[in-house]
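Below: the structure, in structure tokens.
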Amino acid sequence: MSTPVGTRRSFVKWVTGLSSAFIGLSLAIPLIGYVISPALTRRKASWMPVEKVENLPVNEPKDLDYAVTTQDGYLETRQTKAVWALKHPDQTVTVFSPICPHLGCGYHWDSQDRRFKCPCHGSVYDMNGKVLGGPAPRPLDVLPSKIENGELLVIYKEFKSGLSTKVEL
Ligand code: FES
């Protein structure tokens, strides 16, 4: 049986424990948030210079390699990316992702047939990315691009393959 002193003592212990837990949690929650939030942040893509527009041939897709630095949480990685760029007669440029929308293989430009062809399952696209044949569920994925001071800038993105609509990864 507890005495009034025992009851008071256990009450003080209980309040002290509760206060300690409260202080601990109020310190831990912001700290945990600070530590894990970069890992939960979506990769930041930025405009990257790819090529001088004057170096692109008109009506002839050209594959371009360029270096990309990606910030993913705390990790900064540098990779080489490739895109297909098509300069139109009016000097505008369309940039395609190099990944086939069917199941993600790399495709190439057949300059004889003037078509993009994917070697994996035989999808065929015209110069503007429209599907001409094969199992591809959608046209080639167009990437955001712009021209500044004669330079072609691109934001590299990837999309889910096998879908009829573009869904960014
Ligand atoms: S991955 Fe290109 S046709 Fe299947």
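When a ligand or atom number is given, it counts from 1 through the structure's own listing order.
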Cystine candidate Cys118-Cys100, SG separation under 2.5 Å
no
Measure across His102 and Ser161 and return the closest heavy-atom pair with its distance rounded to 0.1 Å.
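Result for this residue pair: O-CB, 3.4 Å.
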If I compare all heavy atoms of Val95 with all of Ser145, which pair ends up nearest, and what's the gap?
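In terms of heavy atoms, the two residues are closest at CG2-CB, 3.6 Å.
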Enumerated ligand 1 atoms positioned under 4.0 Å from heavy atoms of [X]:
| X | value |
| --- | --- |
| Ser123 | 3 (S) |
| Cys105 | 1 (S) |
| His102 | 1 (S), 2 (Fe), 3 (S), 4 (Fe) |
| Cys118 | 1 (S), 2 (Fe), 3 (S) |

Checking Met127 against Trp109 for the side chain to side chain contact (heavy atoms under 4.5 Å, CB included) test, could you report, in this order, the C-alpha distance in whole Å, the side-chain angles of both residues, the deciding distance, and whether it holds?
CA-CA 8 Å; Met127 190 171 62; Trp109 172 247; 3.9 Å; yes
Please write down residue, atom name and distance for the protein heavy atom closest to atom 1 (S) of ligand 1.
Leu103 N, 3.3 Å
Would a line drawn from the ring center of Phe116 to the ring center of Phe96 be shorter than 6.0 Å?
yes
His121 atom (N/O/S) at minimal separation from atom 4 (Fe) of ligand 1
ND1
Check whether any N, O or S atom of Cys100 sits under 2.8 Å from atom 2 (Fe) of ligand 1.
yes
Between Arg114 and Asn59, is a side chain to side chain contact (heavy atoms under 4.5 Å, CB included) present by the stated rule, with each step listed?
CA-CA 10 Å; Arg114 301 205 49 79; Asn59 280 342; 4.2 Å; yes
